Protein chains: 2
Amino acid sequence: VSHGGEAPSLTDLAARIAGIVGLQHVLDGTRQAAYATDAGESRGLRAAPDLVVRPGSADEVAATMAACHERGVAVVPRGGGTGLVGGSLAFGGGVVIDVGRLNRVLEVNPAAWRMTVGAGLTTTHLQRIARENGLYFPPDPGAAENSQIGGNVATDAGGPHAFKYGTTGSWVTGLEMVIPPGRVVAIGGANRKDVTGYDLVSLMVGSEGTLGIITECTVRLIPAPRARAAMTAVFPTSEAGCEALLAVVGSGLVPSAIDFLDRGSLAAAHGGFPAGLDEDAGFMLIVEVDGDEAEVDASVPVLEEVLGSATQCDRFRTVRDQRELWRWRDTVTGAVRALRGGKLSADVSVPAEHFQDALAASAAVAGEHGLDFCAWGHAGDANLHSTFVFDPGAEGALARAATAADHLLVRISAMGGSIAAEHGVGWAKSGRLSLQLGEEALRLHRGVKELFDPDGLLNPGKKS
Amino acid sequence: VSHGGEAPSLTDLAARIAGIVGLQHVLDGTRQAAYATDAGESRGLRAAPDLVVRPGSADEVAATMAACHERGVAVVPRGGGTGLVGGSLAFGGGVVIDVGRLNRVLEVNPAAWRMTVGAGLTTTHLQRIARENGLYFPPDPGAAENSQIGGNVATDAGGPHAFKYGTTGSWVTGLEMVIPPGRVVAIGGANRKDVTGYDLVSLMVGSEGTLGIITECTVRLIPAPRARAAMTAVFPTSEAGCEALLAVVGSGLVPSAIDFLDRGSLAAAHGGFPAGLDEDAGFMLIVEVDGDEAEVDASVPVLEEVLGSATQCDRFRTVRDQRELWRWRDTVTGAVRALRGGKLSADVSVPAEHFQDALAASAAVAGEHGLDFCAWGHAGDANLHSTFVFDPGAEGALARAATAADHLLVRISAMGGSIAAEHGVGWAKSGRLSLQLGEEALRLHRGVKELFDPDGLLNPGKKS
């Protein structure tokens with residue numbers, strides 16, 4: 001629809017949609033610019049949408065979708081735009097539906113450990129409301145200030161605390177969504193146990209906007225842990241770090257997070273480390289425990305013992321110290337990008353026993369393609385952000401990084417790993433599902449898509 | 001296929017299947033008798049299968065299913081036969097596939113907190129292997145010594161500890177299954193994070209054998225909590241008990257279990273209560289906390305305070321005491337049945353704030369139908385086993401109880417509750433999904449069934 005002769009029908013569609021959402025919520029050229037990219041811009045993902053719409057209700061989302069469907073125009077849902085795999089970009093054109101205005105807090109029920117919010121509410125905002133009620137919403141993907149709960153659900157976003165608490169999907173009991181050709185559907189609800197129908201809520205979780213557009217989420221909460229302690233431990237080599245990781249996992253504790261940074265990531269980010277860090281640190285584990293005060297007090301000496309082989313060990317006992325630590329952790333992506341100007345990360349996971357193999361395979365692939373490499377991520381979940389670093393001005397560098405990342409997916413799937421752990425498939429990894437999914441699983445996957453979106457007009461080309 | 005003229009084709013099928021699984025694994029008349037009922041016999045559910053087969057591998061399950069499909073014969077999967085809703089009975093005839101021989105322990109990886117086992121392994125056996133490795137598999141549905149992990153996954157079985165740890169599905173990362181017309185499919189795997197495809201594992205969880213036959217399960221484990229403490233608190237009325245429940249939930253603790261028994265259940269079961277109990281106790285809460293020793297020690301005084309209004313409070317601090325307590329809790333179903341000889345339970349859940357309303361509605365419905373009533377279950381999850389008690393010899397009593405249970409489902413769904421919380425829909429509640437699911441959700445539900453089982457030959461009539 002974005003090309004030449006079809007422009008009149010687009011104008012007609014824009015007018016129709018303006019009639020639904022109000023003219024001021026249909027974005028024109030300049031205001032559309034930000035929608036051509038997401039946080040995966042450095043991997044070269046870019047696609048200008050034909051139209052960007054910001055509906056104010058689920059009914060408006062449905063009517064907008066219906067108007068597009070009548071005209072055979074693709075619809076691409078978008079949350080905070082913090083995705084890394086082009087999942088919210090309109091490759092091939094189409095209408096982007098930005099759900100950011102659906103950001104109302106619809107119900108907070110502290111006594112039932114539960115809240116219902118619009119899909120456009122930011123993750124940070126949701127977390128704050130929980131906290132203000134003495135409760136806790138554990139999922140903490142990166143970019144929480146911009147990312148939105150609807151997008152978190154649609155991508156099953158993870159983060160460090162998924163190790164103890166699971167990914168976003170573990171906390172969702174009910175959804176309102178709009179499915180093709182433009183119907184509002186409620187699935188699940190506020191019950192903590194419910195096996196009445198097939199688990200459509202989990203099917204929507206991680207579906208990346210290809211089955212429906214999430215407009216409202218009911219999430220579980222838990223009482224906020226009263227205490228936390230974090231510890232970082234630095235090791236000379238990744239081998240030594242991986243041995244310590246095994247010791248942590250075998251300690252009998254269930255840490256709330258076990259993250260890692262390898263030598264290359266530390267080289268990029270060491271300057272900002274709150275406790276000071278040598279430039280040549282080989283591997284770092286970040287281990288956090290939470291619970292009540294007594295539990296945390298009892299856990300710290302256990303951690304100190306199992307991390308005893310570290311060359312540097314720092315403790316983060318106050319809330320303020322921990323905030324500084326995790327803020328530093330959040331800067332890693334940017335610091336790595338700043339090294340050479342370009343980076344391309346492959347977000348993968350493997351069965352725990354292959355964690356070190358996956359690290360080694362990542363480095364080997366980088367070497368084979370003449371690329372600098374580093375990795376960080378969630379060691380407890382054996383979830384690596386294997387990253388190829390390059391100068392975006394160098395000829396063919398980005399293409400070489402893309403090829404390397406793809407080769408890595410082949411090796412990861414050969415280990416029984418996942419080629420998309422917590423950042424989604426999006427556009428970046430589409431076409432590669434067969435590396436991991438068998439023929440029959442892929443047939444069922446496609447059948448699910450066909451069931452929800454028979455015309456293939458919802459976020460086409462993604463997660464496929 | 002079970003009727004008159006078609007007998008020859010069944011004989012032919014039996015011969016074909018004997019060729020697949022071995023003659024000794026095709027059960028004849030006498031050995032088939034147990035398969036005509038499940039643990040829901042007291043609600044009058046009974047259906048004799050045409051044939052019972054006990055395959056020894058996933059390939060044999062697939063070949064058996066294929067042989068049935070070629071002949072248009074229905075297939076009904078069965079685990080431990082501990083279900084309460086007729087989910088494994090062959091209404092309308094067909095071949096029951098008993099997966100009990102698929103009980104191998106395929107991998108135990110304590111360092112990765114994981115194991116892979118055949119679907120026929122009993123829940124107790126799985127729990128014991130975890131425990132022997134210092135680990136813990138939290139789901140604990142009733143009848144654990146007979147129930148099997150495949151059936152637990154297929155029904156998303158719950159139990160008391162689901163309050164803190166979630167139902168069975170929360171612990172499953174990978175499945176092997178056989179889908180119509182007879183194909184072995186692996187979905188998910190051993191990764192702790194994986195968003196590569198749509199979440200087919202969760203779709204199978206709770207699908208009650210209507211989408212595929214689970215043959216193998218990979219489950220997550222966690223380090224075993226080092227300490228536990230349980231407490232029971234008796235209140236004069238359910239109102240007082242519900243107030244105490246709110247206090248427990250608002251205490252900041254996350255108990256590992258919060259169960260309840262009402263006056264009628266206590267009247268039936270009080271004789272066996274380990275600490276002794278007055279006959280006229282009105283309501284009991286069972287609250288358990290777990291964690292490390294320090295945490296549990298710190299939690300007990302908090303519990304004692306919030307349960308302070310109880311007229312009787314008993315502490316269960318040793319492993320042996322706790323085992324006795326939960327064993328007693330397991331006897332409730334039988335004790336209630338023994339009251340009059342017959343009982344019919346509606347397993348429902350509601351949003352937490354409606355727990356007391358749901359109790360009241362259950363009692364009111366019983367009154368309207370002239371039935372005795374009691375309830376127990378998982379108060380923390382607002383999951384009630386609302387039970388109508390009757391003399392099975394009294395004319396029309398069972399039918400009256402069935403009508404009452406159905407009326408209760410109507411009231412529960414009006415509260416936004418679930419008409420099937422943890423015992424499944426099975427045969428007993430089939431036809432009632434529309435009470436809870438909207439038209440579009442029901443259309444998607446049916447579409448999922450059609451995708452997996454287009455010929456409708458897998459566990460027909462269940463969960464529909």
Side-chain angles (χ1 to χ4, degrees), chain A residues 109 111-112 155-156 158 162 167 183 185-187 189-200 202-203 205-207 222-223 246 249-250 252 254 291-292 294-295 297-298 349-353 381-383 416-422 424-425 433 436-438 440-441 444-445 447-448 451, chain B residues 109 111-112 155-156 158 162 167 183 185-187 189-200 202-203 205-207 222-223 246 249-250 252 254 291-292 294-295 297-298 349-353 381-383 416-422 424-425 433 436-438 440-441 444-445 447-448 451:
Chain A
N109 191 330
T155 57
D156 198 12
T167 49
R183 297 178 188 131
V185 187
I187 54 176
N191 299 296
R192 294 174 56 98
K193 280 183 182 165
D194 175 18
V195 294
T196 301
Y198 300 129
D199 187 357
L200 301 178
S202 293
L203 203 55
V205 167
S207 64
I222 50 166
L246 273 178
V249 170
V254 183
D292 71 5
E295 185 187 8
D297 286 344
S349 70
V350 288
E353 62 274 25
D381 284 327
N383 176 193
S418 168
I419 63 168
E422 61 168 12
V425 172
L433 297 195
Q436 183 183 336
L437 308 184
E440 279 296 306
L444 293 171
H445 176 91
V448 168
L451 169 63
Chain B
N109 191 329
T155 55
D156 197 12
T167 49
R183 300 178 186 132
V185 187
I187 53 176
N191 299 296
R192 294 173 56 96
K193 279 183 184 166
D194 175 18
V195 294
T196 300
Y198 300 129
D199 187 357
L200 300 178
S202 293
L203 203 55
V205 168
S207 64
I222 50 166
L246 272 179
V249 170
V254 183
D292 69 7
E295 186 186 7
D297 286 344
S349 70
V350 287
E353 63 273 26
D381 285 327
N383 176 192
S418 169
I419 62 167
E422 61 168 13
V425 172
L433 298 194
Q436 184 182 336
L437 308 183
E440 280 296 306
L444 293 170
H445 176 93
V448 167
L451 169 64

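Source: prediction; values computed, not measured. Naming convention: chains lettered A, B, ... in sequence-line order (proteins, then strands); numbering from 1 in each chain.
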Check your understanding: Between Asp297(A) and chain B, which part of the residue has a heavy atom less than 4.5 Å away: side chain, backbone, both or neither?
Key -> neither

**Study point:** Selection from Ala186(A), Gly417(A), Ala298(A) maximising heavy-atom pairs under 4.5 Å formed with chain B
**Key:** Gly417(A)

**Study point:** Residue selection (most heavy-atom pairs with chain A, distance under 4.5 Å) from Val205(B), Asn383(B), Asp381(B), Val448(B)
**Key:** Asp381(B)

Exercise for review: Check for a donor-acceptor pair, side chain of Ser349(B) on one end and backbone N or O of Lys193(A) on the other, with a separation under 3.5 Å.
Suggested key: yes

Check your understanding: Roughly how far apart are Leu203(A) CG and Leu444(B) CG, rounded to 0.5 Å?
Key -> 9.0 Å

Review point. Who pairs with Glu295(B) by salt bridge (charged side-chain N to carboxylate O under 4.0 Å, His left out), at least two apart in sequence or on another chain?
Key: none

Exercise for review: Answer with side chain, backbone, both or neither: which region of Gln436(A) has an atom nearer than 4.5 Å to a non-hydrogen atom of chain B?
Suggested key: side chain

**Study point:** Options Ile222(A), Ile187(A), Val350(A), ranked by heavy-atom pairs under 4.5 Å with chain B, top entry
**Key:** Val350(A)

Revision key, fill the gap. Note: vs chain A, highest number of non-hydrogen pairs under 4.5 angstrom among Asn191(B), Val185(B), Ile419(B), Asp199(B) is Asn191(B)

Point to revise | Largest heavy-atom contact set with chain B, pairs under 4.5 Å, which of Glu353(A), Glu422(A), His445(A) | key: His445(A)

Exercise for review: For residues Val195(A) and Thr155(B), determine if any side-chain heavy atom of one lies less than 4.5 Å from a side-chain heavy atom of the other.
Suggested key: no

**Study point:** Max heavy-atom pair count under 4.5 Å with chain A, selected residue of Ala112(B), Ala111(B), Ser202(B), Ala352(B)
**Key:** Ser202(B)

Check your understanding: Who are the salt bridge (charged side-chain N to carboxylate O under 4.0 Å, His left out) partners of Glu440(B), not counting sequence neighbours?
Key -> Arg183(A), Arg443(B)

Point to revise | Interface residue of largest heavy-atom contact number with chain A, from Gly158(B), Ala421(B), Gly206(B), under 4.5 Å | key: Ala421(B)

Check your understanding: What's the spacing between Asp194(A) CG and Thr167(B) OG1 if we round to 0.5 Å?
Key -> 10.0 Å

**Study point:** Residue among Gly416(A), Ser207(A), Ala420(A), Gly250(A) with most heavy-atom pairs under 4.5 Å to chain B
**Key:** Ala420(A)

Revision key, fill the gap. Residues Thr196(B) and Val425(A): closest non-hydrogen pair is O-CG2, 3.4 Å

**Study point:** Structural part of Leu246(A) lying under 4.5 Å from a heavy atom of chain B
**Key:** side chain

Study note, to complete from the structure: Assert top hit (heavy-atom pairs under 4.5 Å, partner chain A, pool Ala190(B), Pro351(B), Gly424(B)) equals Pro351(B)

